[in-house]
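First comes the structure, then the notes that go with it.
Sequence lines set the chain letters: A, B, ... in the order given, protein chains first and strands last, and positions in each chain run from 1. Since this is a predicted model, take the numbers as computed values, not measurements.
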Number of protein chains: 2
Amino acid sequence: MTASTSPLDLDNQLCFALYRASHAVVRAYKSELDQLGLTYPQYLVMLALWQESKPQGVGQLGDLLGLDSGTLTPVLRRLEQRGLVVRRRDEHDERRRLIGLTDAGRDLRALAEKVPEKIAARFPMQGKDYHQLMAQLGDIAQAFDSDR
Amino acid sequence: MTASTSPLDLDNQLCFALYRASHAVVRAYKSELDQLGLTYPQYLVMLALWQESKPQGVGQLGDLLGLDSGTLTPVLRRLEQRGLVVRRRDEHDERRRLIGLTDAGRDLRALAEKVPEKIAARFPMQGKDYHQLMAQLGDIAQAFDSDR
DNA sequence: CACAACTATATTGCGCACAATCTAAATGTG
DNA sequence: CACATTTAGATTGTGCGCAATATAGTTGTG
């Protein structure tokens, strides 16, 4: 066998395992999200808005999703163009933009409900292992995002 | 408490946990990789080349990394511009490009050796949990990449 | 050998990600 | 109240990531 044990081997890198798994899962979402007319980051923004129910500032969405305004501003503009969200000024602080759902944005939730279960069925682990993995990933995100 | 249990909640989505953790770790690599003059995907390509030792075709690198030529071609061009790789034609099949390391590319490995340990020290789990997580992520990548 | 089918890589176009910078609005201090 | 500081978001520039398409080289079949 030629499998090496170098510390730089791809198969030994947790960073690469994360990177590859994340991209693979996002690709799997694509065929489902195409039917909703959403990209994956757009879907995440919609999840955040459905979850919070009240209009959110760009910074609040960024905290929820781990993204900054340079990423979110164009994503939100495209969601606005598709008529799913509105971006109005905060009356009490004109620097802030409040991102709220339109009726069409709220209605889309019913369709989106069916997406996760289709994907979840393909995950190779279930139940306890699934939740343990979620917890570990949460710990990693927190550990590495603490210094931002 | 206001924590909801909707199936669409961000905190219940394994896809989001993966997405967030992966981006957080890539960001953590940035400060280390800046010192090598590499981006994260460029670093992955170098890992693949260091590991294989023989020049690789674009498609072979793509299989190793889970990326296609649309992504790899410009990455490889930039690595060539920095003098780390060469891209020559395969004499026996002029359609193929063989990507090989330059002396500078080989030399960079010594510096890169020190990167993973600095990052690994920050992972909130070690030993057994670490390896179990690696295995689970590998299973996910395989399960979702099988249909490409 | 002609030529259709196939294969490897490159190109194009769009949409993120993110650092650095900019603008405007709010806040603190004397 | 003047004015420096801070804060929220937008803008700019670079580099992925990927689908769709294009191009050139190779192989199979008659």
Any donor-acceptor N/O pair, A:Arg87 side chain to A:Leu76 backbone, under 3.5 Å: no
Minimum-distance nucleotide to B:Arg97 side chain [options: C:dT9, C:dC16, D:dA10]: C:dT9
Side-chain N or O of A:Thr39 closer than 4.0 Å to phosphate OP1/OP2 of C:dC14: no
side-chain N/O A:Thr73 vs D:dA10 OP1/OP2, d < 4.0 Å: yes
Interatomic distance where CG belongs to A:Leu65 and C1' belongs to C:dC16 [whole Å]: 13 Å
Check against side-chain contact (heavy atoms from CB on, under 4.5 Å), A:Gln13 and A:Leu8: CA-CA 7 Å; A:Gln13 305 279 340; A:Leu8 286 184; 4.2 Å; yes
Nearest-nucleotide pick for A:Arg78, side chain only, options being D:dG9, C:dG15, D:dC18: C:dG15
Sugar-phosphate only, base, or nothing, as touched by B:Val75 at under 4.0 Å among non-hydrogen atoms: sugar-phosphate
Verdict with supporting geometry, B:Leu133 and A:Leu18, side-chain contact (heavy atoms from CB on, under 4.5 Å): CA-CA 9 Å; B:Leu133 176 56; A:Leu18 265 174; over 6 Å; no
Interatomic distance, B:Arg77 CZ vs D:dC16 P [rounded to whole Å]: 12 Å
Nearest to side-chain heavy atoms of A:Glu94, which nucleotide of C:dG15, D:dC16, C:dA25: C:dA25
Selected nucleotide, minimal atom distance to A:Val58 side chain, candidates C:dG15, D:dA8, D:dA10: D:dA10
More than 12 heavy atoms from other groups under 6.0 Å of CD on B:Glu91: no
Closest to side chain of A:Arg95, choosing from D:dA10, C:dA26, C:dA17: C:dA26
Out of C:dT9, D:dG15, D:dG17, whichever nucleotide has its closest atom nearest the side chain of B:Gln42: D:dG15
From B:Val85, B:Val86, B:Leu98, B:Leu49, residue fulfilling side-chain contact (heavy atoms from CB on, under 4.5 Å) relative to B:Pro55: B:Leu98
5'-most by nearest nucleotide on DNA chain C - B:Ala24 or B:Gly70: B:Gly70
Selection from C:dA19, D:dA10, C:dA17 that lies nearest to any side-chain heavy atom of A:Arg87: D:dA10
Under-4.0 Å side-chain N/O to phosphate OP1/OP2 contact, A:Arg20 with D:dG17: no
A:Tyr29 OH - D:dG17 P separation (whole Å): 20 Å
Distance, rounded to the nearest Å, where B:Asp68 contributes CG and D:dT21 contributes P: 15 Å
Per A:Ser69 side chain, nearest of listed nucleotides C:dA17, D:dG17, D:dT11: D:dT11
Spacing of A:Leu67 atom CG relative to C:dC16 atom P, expressed in whole Å: 10 Å
First of B:Asp93 and A:Gln60 reached from the 5' end of DNA chain D, by closest nucleotide: A:Gln60
Rounded distance (Å) that lies between atom P of D:dA8 and atom NE2 of A:His92: 16 Å
Presence of A:Tyr19 side-chain N/O under 4.0 Å of D:dG17 phosphate oxygens OP1/OP2: yes
Protein-nucleotide distance (A:Arg89, atom CZ; C:dA25, atom P), rounded to Å: 8 Å
Selection from C:dA26, C:dA19, D:dC18 that lies nearest to any side-chain heavy atom of B:Lys30: C:dA19
Phosphate-side-chain proximity, B:Arg27 and C:dC18, N/O vs OP1/OP2 below 4.0 Å: yes
Residue pair A:Asn12 / B:Tyr130: nearest heavy atoms and the distance that separates them: O-OH, 4.2 Å
Nearest to side-chain heavy atoms of A:His23, which nucleotide of D:dT26, D:dC18, C:dC16: D:dC18
Integer-rounded Å distance: C:dC16 P and A:Leu79 CG: 8 Å
